[in-house]
Amino acid sequence: MAKNLVIVESPAKAKTIENFLGKEFTVRSSFGHVMDLNKKKLSVDVENEFEPQYEISPDKKKLVTELKKMAKEVDMVWLASDEDREGEAISWHLFNALDLKEEHSKRIVFHEITKNAILNAIENPRSIDKNLVNAQQARRVLDRLVGYELSPLLWRKVKPMLSAGRVQSVAVRLIVEREEEIQNFKSTSAFRTLAEFTVSEGKNKQVFTAEYSERFPDFDNAKAFLEKQVGAQFSVFSVEKKPGKKSPAPPFTTSTLQQEASRKLGYSVANTMRIAQNLYESGLITYMRTDSVNLSDFALAAAKEEIEKVYGKEYSKTRNFTTKSKGAQEAHEAIRPAYMNKSSVDGTREEKRLYDLIWKRTIASQMSEAKLEKTNIQVQSTTADKYFVASGEVIKFDGFLKVYIEDSDEENGEQESDLLPPLAKDEKLDLLKMTSTEKFTKYPPRYTEASLVRKMEELGIGRPSTYAPTISTIQKREYVVKENRDGVDRKIQNFELKDGKIKESVFTEIAGAEKGKLFPTDIGTLVNRFLMKHFDDIVDYNFTANVEKEFDDIAAGKNDWKKIIKSFYGPFHDKIEQTQDNSGKFSGERFLGQDPKTGKNVFVKIGRYGAMVQIGDTDSEEKPSFAGLQKGQSLETITFEEALKLFEFPRNLGDFEGEKVVVAIGRFGPYVNHKKLFYSIKKDQNPAEISLDQAIDIINEKREAEKLKIIKEFKEDETVQVLNGRYGPYLTIDKQNYKIPKGTDPAGLSLEDCYAIAKDPKNLPKKKVFKKKK
DNA sequence: CAGTGAGCGAGCTTCCGCTTGACTT
């Protein structure tokens with residue numbers, strides 16, 4: 001056994017560091033936090049100074065025992081978790097959980113994984129910073145109190161299984177409020193006029209486009225303007241040239257990597273992180289959960305060398321970027337290639353593409369700026385008051401643009417800068433054609449996963465390690481759905497002036513189509529309304545930023561963490577109790593009208609299982625009847641007629657193979673029921689209009705698919721089947737599933753083999769880790 | 001997985017931030 005044990009947070013880091021340190025050092029990892037509050041209970045003693053009740057996390061028990069044993073056998077334990085609030089707490093937890101002694105343990109920190117940085121850290125140890133630990137305790141306890149007092153209130157007032165928290169509830173609010181903005185947005189239109197010119201005399205007949213600097217509010221004005229331009233003379237009024245430059249973006253942080261991978265590669269936030277994790281574990285990139293744009297001296301030097309070698313000296317410019325994001329803790333470097341001279345890697349297509357993005361972004365960040373020349377031209381007409389303007393851009397020196405261009409979120413990328421022909425003042429121009437086209441203003445963009453992350457980072461809510469999980473949480477709770485939506489056709493009016501004649505035309509464009517955007521659900525909207533009404537301070541966009549300032553004071557030793565929590569918890573808990581006692585169910589109920597058949601009231605509201613329509617009052621003698629809303633329908637927008645339609649199920653379509661075929665709508669959407677079997681109806685078919693023949697098609701299709709699933713059946717025992725599942729072949733006996741041991745040919749199994757597999761407890765599927773939905 | 005929704009009451013759910021595998025039908 002070596003004389004020293006170093007404990008870091010990540011196993012990949014442990015492996016690298018062990019190589020730097022030599023035989024005297026063993027390096028292990030804690031896999032993150034090892035202690036936490038118990039998941040089942042509040043675990044904060046609110047009566048007694050908010051004392052947190054920590055325990056060793058259930059999944060870390062084995063690890064802690066192991067580390068404890070190792071710690072006893074070495075002379076010195078070096079606690080080398082990250083240098084931030086959470087890292088300090090991890091060291092403190094390890095100190096406690098491993099029963100360490102002051103004289104046998106030291107706290108060390110480093111920001112980059114280089115031999116010098118590690119050796120330097122070993123030479124400059126310190127003790128655990130209790131103030132920083134206390135700041136973490138305040139953060140942890142605050143989040144627990146908010147989450148574990150608000151969520152149960154939601155279970156009682158809105159719906160079971162819901163959740164609320166400092167981070168997720170603000171993320172939901174952003175999406176709900178953006179949707180409200182969009183719904184309230186009134187699109188207006190104006191006519192945009194473009195003209196194509198060439199010079200009248202000379203050789204260069206290059207065509208360029210200029211836009212008239214006024215937009216016309218309506219059809220008549222646009223038409224009048226174009227009519228006036230018939231027969232007009234055009235000439236260059238002014239030519240203005242000025243130099244410009246562009247600088248590269250800083251290297252990637254978690255947030256910017258997620259955004260660019262989404263824009264350029266179309267990866268979801270979770271997917272990007274999974275791929276980055278693989279690259280990190282293969283030693284190809286630095287740590288992928290970081291808020292720092294800093295590069296180590298080693299990386300700066302390596303980038304410089306690579307750029308000078310490949311592109312030449314004039315392309316290199318060493319830069320140090322400083323972070324602008326709120327609450328950044330900068331325990332790591334930016335995300336960069338481990339080796340700058342490795343411009344591509346082996347791996348899956350996804351890994352290659354993400355690595356390429358990281359390599360280019362990092363290299364570009366160390367390259368010189370691009371030099372441009374911008375040209376603005378004004379064209380005058382003898383019959384117009386204002387000018388037509390055109391702008392062009394010429395790249396004089398490409399610099400970093402040679403390697404990498406950052407994408408933007410702007411959806412209307414209409415500011416295309418054309419290359420302009422050489423033009424002089426007063427030069428005569430020929431008009432080729434002029435068009436005036438109706439343009440509609442666009443509502444603010446809906447969030448994508450990545451643009452939501454950017455907004456969260458801007459507000460300082462969430463951390464690099466939680467962006468992806470938070471986005472999955474708000475979708476799992478069904479506050480938000482990621483969806484594509486079809487647009488609607490919109491008529492566009494257009495004029496064209498050519499050869500002295502004006503042509504009118506109308507064409508259609510698709511407006512409002514969305515791909516992979518986040519939409520709030522009814523339940524998300526309702527929960528947000530509830531929180532805004534009773535807990536507006538918690539979902540305030542500045543709540544996190546403000547408490548972060550308090551945590552900073554605690555970390556600086558200027559304030560006591562329990563005092564801070566106390567001043568928050570008093571009023572917060574009062575509000576919890578008040579809302580609990582004084583407000584009723586928060587169901588978002590909306591009255592739609594009176595049922596023409598019975599005269600009873602018809603409502604929509606959120607029930608135990610989601611949005612539903614109710615006919616009849618809850619407190620009336622006769623039990624009300626209910627129907628769940630269908631996919632795509634919403635509490636806010638469903639009409640009285642649509643609501644009544646939901647009660648037309650189940651529909652009996654007729655007989656097939658001697659038994660009834662029934663269409664109905666269930667928990668999982670519309671389905672066909674026949675011989676006690678269920679068949680889902682696809683989205684593009686309307687369950688209210690489906691015919692018997694169409695239903696039979698659905699039944700037969702499913703039967704075909706089932707047949708393909710079967711690899712092997714046995715006449716002797718029909719409960720035994722070898723099937724093809726989502727995760728490869730498996731065995732099912734009497735509705736119990738079993739894994740087939742590796743290396744067995746599923747098609748060659750005999751009935752006896754199957755029984756044998758079933759007997760071995762090894763082949764039982766593991767217990768479900770995730771909870772059942774219901 | 002499957003057609004629920006009153007009310008009774010038991011027993012369940014839930015936060016954020018650090019980390020990876022093991023595993024799913």
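Keep in mind it's a predicted model, so treat the numbers as computed, not measured. Keep in mind that the numbers below use all heavy atoms, side chains included, and drop hydrogens, waters and symmetry copies.
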Atom [atom1] of [X] to atom [atom2] of [N]: distance rounded to whole Å?
X      : N      : atom1 : atom2 : answer
A/Q614 : B/dT4  : CD    : C1'   : 13 Å
A/Q630 : B/dG3  : CD    : C1'   : 13 Å
A/I523 : B/dT14 : CD1   : P     : 15 Å
A/Y671 : B/dA2  : OH    : P     : 10 Å
A/K41  : B/dT13 : NZ    : P     : 14 Å
A/Y609 : B/dG5  : OH    : C1'   : 7 Å
A/F626 : B/dA2  : CZ    : P     : 20 Å
A/R156 : B/dG11 : CZ    : C1'   : 14 Å

Atom NZ of A/K645: over 12 foreign heavy atoms under 6.0 Å: no
Taking everything shown except A/K585 itself, do over 12 heavy atoms lie less than 6.0 Å from its NZ? yes
On the 0 to 90° scale, with breaks at 30° and 60°, tag the [X]-[Y] ring pair as parallel, tilted or perpendicular.
X      : Y      : value
A/H534 : A/F586 : perpendicular
A/F530 : A/F535 : tilted
A/Y569 : A/F572 : tilted

Is the closest basic N to carboxylate O distance between A/K60 and A/E66 below 4.0 Å? no
Any ion pair linking A/D82 and A/K13 (charged N to carboxylate O, less than 4.0 Å)? yes
Using only heavy-atom distances, determine whether the side chains of A/Q136 and A/E86 contain a donor-acceptor pair under 3.5 Å. yes
Students often get this wrong, so: under 4.0 angstrom with heavy atoms, is [X] touching a base, only sugar-phosphate, or nothing?
X      : value
A/L154 : nothing
A/K40  : base
A/G610 : base

Nearest-Å distance once atom P is located in both B/dT24 and B/dT4: 33 Å
Sticking with atom P, work out how far B/dG5 lies from B/dT25, rounded to a whole angstrom. 28 Å
Kindly give the atom pairs (protein nitrogen or oxygen, nucleotide nitrogen or oxygen) under 3.5 Å for nucleotides 15-21 of chain B.
residue	atom	partner	partner atom	Å
B/dC15	OP1	A/S163	OG	3.2
B/dC15	OP1	A/Q168	NE2	2.7
B/dC15	OP1	A/R477	NH2	3.2
B/dC15	O2	A/R140	NH1	3.1
B/dC15	O2	A/R144	NE	3.3
B/dC15	N3	A/R140	NH2	3.1
B/dC15	N3	A/R144	NE	3.2
B/dC15	N3	A/R144	NH2	3.1
B/dC15	N4	A/R144	NH2	3.1
B/dC16	OP1	A/V167	N	3.0
B/dC16	OP1	A/Q168	N	2.9
B/dC16	OP2	A/Q168	NE2	3.3
B/dC16	O4'	A/D143	OD2	3.2
B/dC16	O3'	A/R166	NH2	2.9
B/dC16	O2	A/R139	NH1	2.8
B/dC16	O2	A/R139	NH2	3.4
B/dG17	OP1	A/R166	NH2	2.9
B/dG17	OP2	A/T466	OG1	3.0
B/dG17	O4'	A/R139	NH2	3.3
B/dC18	OP2	A/S465	OG	2.8
B/dC18	O3'	A/E9	OE1	3.2
B/dC18	O2	A/H33	N	2.6
B/dT19	OP1	A/Y287	OH	2.4
B/dT19	OP2	A/Y287	OH	2.6
B/dT19	OP2	A/R289	NE	2.9
B/dT19	O5'	A/Y287	OH	3.3
B/dT19	O4'	A/G32	N	3.4
B/dT20	OP1	A/S10	OG	2.6
B/dT20	OP2	A/Q277	NE2	3.2
B/dT20	OP2	A/R289	NH2	2.6
B/dT20	O5'	A/Q277	NE2	3.4

Parsed dot-bracket for DNA chain B after applying the Watson-Crick and G-U rules with both distances under 3.5 Å and | for other-strand partners is .........................
Quick check: closest heavy atoms across A/V672 and A/V663, and the distance to 0.1 Å? CG2-CG2, 4.4 Å
